[in-house]
Amino acid sequence: MEESTIKNKKNTLGEVEKIVSLAKRRGFVFQSSEIYGGLNGCWDYGPLGVELLRNIKEVWWKAMTYREDVEGLDASILMHSRVWEASGHVENFTDPMVDCKQCKARFRLDVLSDSINEKKKDKAIADLKNDFKDNTVILEKIEGKLKNPEDDDPFNLLLEDVDVGKTLLFKLNCPQCGNANTFTDARKFNLMFKTFVGPVEDTGSVVYLRPETAQGIFVNFLNVQGSSRQKIPFGIAQVGKAFRNEINTKNFLFRTREFEQMEMQFFVKPIDDKKWYEYWKQERMNWFISLGMRKEKLRYHDHHPTKLAHYAKDATDIEYEFPFGWGEIEGVHNRTDFDLARHEEFSGKSLKYYDEETKEKFVPYIIETSAGASRSFMAFLVDSLYEEEVKGEMRTVLRLHPKLAPIKVGIFPLVNKDGMPEIARNIESDLRKHLKVFYDDKGAVGRRYRRQDEAGTPYCITVDTDTLSDQTVTVRDRDSMEQIRISIDKLREYLINKILIS
RNA sequence: GCGGGAAUAGCUCAGCUGGUAGAGCGCAACCUUGCCAAGGUUGAUGUCGCGGGUUCGAGUCCCGUUUCCCGCUCCA
């Protein structure tokens, strides 16, 4: 019994903890404000992390905008507050919460009923009907929700209803402490971060930190279209930070309050929406696979039609199987004309597109691809981490795609004498102009290889005795650990080909 | 949000029934090196997460708090 407890304690280092530990040890990710005790769910990217993150964004940017039909944009994080009224975020981006005044427990209204048994719910509903027995409109509404719950719990639908929710709530006892009549009114917890513009903190100066980059694209639709002379179908891409005041943060970089998105909004004729939705769905999945992510760890999660967000007609998540389960790393949505139509309505400005060929004027449909840069970062890190046994020793290696690897080439003199360091330094200064390289002459060469393996460096160059006579060096491959000899004057071309073009 | 666990050196952890902090790895310097993390010598680093309390005395006991992990829940 005691033995197993001790064993358990030692083995509690979960997969995520392992990643967090490696991330800190090697300088990928540190906890935010660590010396002050940390700030929940906020993380800083260290020297290797910032390279990996930049590389992910760079590869995405090239894949998405180095094509004829997509333009780039970098819109402001702060936008006119009406933008978020139009988008529906101020109204809908909320989770209703109730507190128990007695025991201080807090519940999400829509999950409260899960902890209440069926008999009590039935009785509460019967009481509720009795309360409204003289009001046929309300009664019909109650019956309607009970009969036609779609795939939600009908009890929840009633709890969230503006007319009867409050009455029903006060018929329930707190699942935590069992007391009756102790709930506060349901309060909406808005996930928007709010701040103020200018010196006066009043309601007129409220602005929000954007919860998604998409709206900056929508409101610039005609600016971009006109200035770039694009014709539909075409897209606008943007990489940037977004902020959501999540109730709980969790799972390292997976759910944080500040995160980075890589979004592209593709504007199409309404009639073509299906075609482009399918196209981008496939295209985005291929992107992850092309960067070496394991296929068996990726899947689509199509959203059930009744579970769609207020703006969407079709939606799928591209999910990665993290140590804690499947999690969304990108969403592909058909947002229809919802956003542009709403911005027309709220701004009073036309956002219609005029099609020269058909002489038609219309509000385009939008196919959105929205990838999490931070989540992708974590997925690439998790996916590339291998711990394998080599000749009885553990080898930790990040099999990152060369385009993503923070350091591209490690450069070593086999020993620190006979002119080897000088040659190695010359190679370093030549390659450094083109690639992120790392020079290391500390310790045994095997150790240096392993250090680079752990950082995900795809190639290591070693200057050895043969170099002195024939001007060749060894190039060692991270994954196979095999070496080939390359002439120093061919090195640059060889490596650039392998790393940037492959 | 609920329940559980954890927090001691850069990392992984030990530290018994309270008595002024340890190991391994890593790191740095020098020597040694001739291709896959174990050569030698020397060295640096801790207000034991933070704040209170009990005590002559707290890493250790108590309370609060912060953060992370696990499970459930949730994820427009």
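Basis for what follows: all heavy atoms, side chains included, without hydrogens, waters or symmetry-related copies. Just so we're clear, the structure is a prediction, and the values are computed from it rather than from any experiment. Each chain gets a letter, A, B and so on, in the order its sequence line appears, and its residues count up from 1.
Taking atom CD1 on A/Ile461 and atom P on B/C35, their separation rounds to 19 Å, with Å as the unit. What separates NZ of A/Lys250 from C1' of B/G71 is a distance of 8 Å, to the nearest Å. When rounded to the nearest whole Å, the span between CZ of A/Phe254 and P of B/C69 equals 13 Å.
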Identify all side-chain donor-acceptor contacts of residues 414-423 of chain A below 3.5 Å with residues at least two apart in sequence or on another chain.
residue	atom	partner	partner atom	Å
A/Asn416	ND2	A/Asp441	O	3.1

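A salt bridge between A/Arg399 and A/Asp479 is present, with a side-chain N of the basic residue lying under 4.0 Å from a carboxylate O of the acidic one.
Closest approach to the A/Thr465 side chain among B/G34, B/C69, B/C68 is made by B/G34 (side chain taken as heavy atoms from C-beta onward). Side-chain proximity of A/Lys24 to the nucleotides B/G10, B/G34, B/C35 is greatest for B/G10.
Distance check on atom C1': B/U47 versus B/G34 gives 48 Å, rounded to whole Å.
The base-pairing partner of B/U60, taking Watson-Crick or G-U wobble contacts with both distances under 3.5 Å, does not exist among the strands shown. Partner assigned to B/C27 is B/G43, using Watson-Crick or G-U wobble distances below 3.5 angstrom. Across all strands shown, B/U54 forms no Watson-Crick or G-U wobble pair with both key distances under 3.5 Å. A 3.5 Å limit on both hydrogen-bonding distances identifies no Watson-Crick or G-U partner for B/C36.
The base of B/C50 has none of its N or O atoms less than 3.5 Å from a complementary donor or acceptor on the side chain of A/Tyr36. Residue A/Asn248 places a side-chain atom within donor-acceptor reach of the base of B/G1, judged by atom type and a 3.5 Å distance cut-off alone. No donor-acceptor contact under 3.5 Å links the side chain of A/Arg476 to the base of B/C35.
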Distances for protein N/O vs nucleotides 27-33 of chain B N/O pairs under 3.5 angstrom?
residue	atom	partner	partner atom	Å
B/C27	OP1	A/Arg451	NH1	2.3

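Between A/Gly235 and A/Met264 the shortest heavy-atom distance is CA-SD, 3.9 Å.
With hydrogens and angles left out, the side-chain atoms of A/Asp314 and A/His333 include no donor and acceptor closer than 3.5 Å. At a cut-off of 3.5 Å, with distance as the only test, no side-chain donor of A/Glu263 or A/Gln238 sits close to an acceptor on the other residue. With hydrogens and angles left out, the side-chain atoms of A/Asp489 and A/Ser487 include a donor and acceptor closer than 3.5 Å.
Ring centers of A/Trp326 and A/Tyr320: at least 6.0 Å apart, outside the cut-off.
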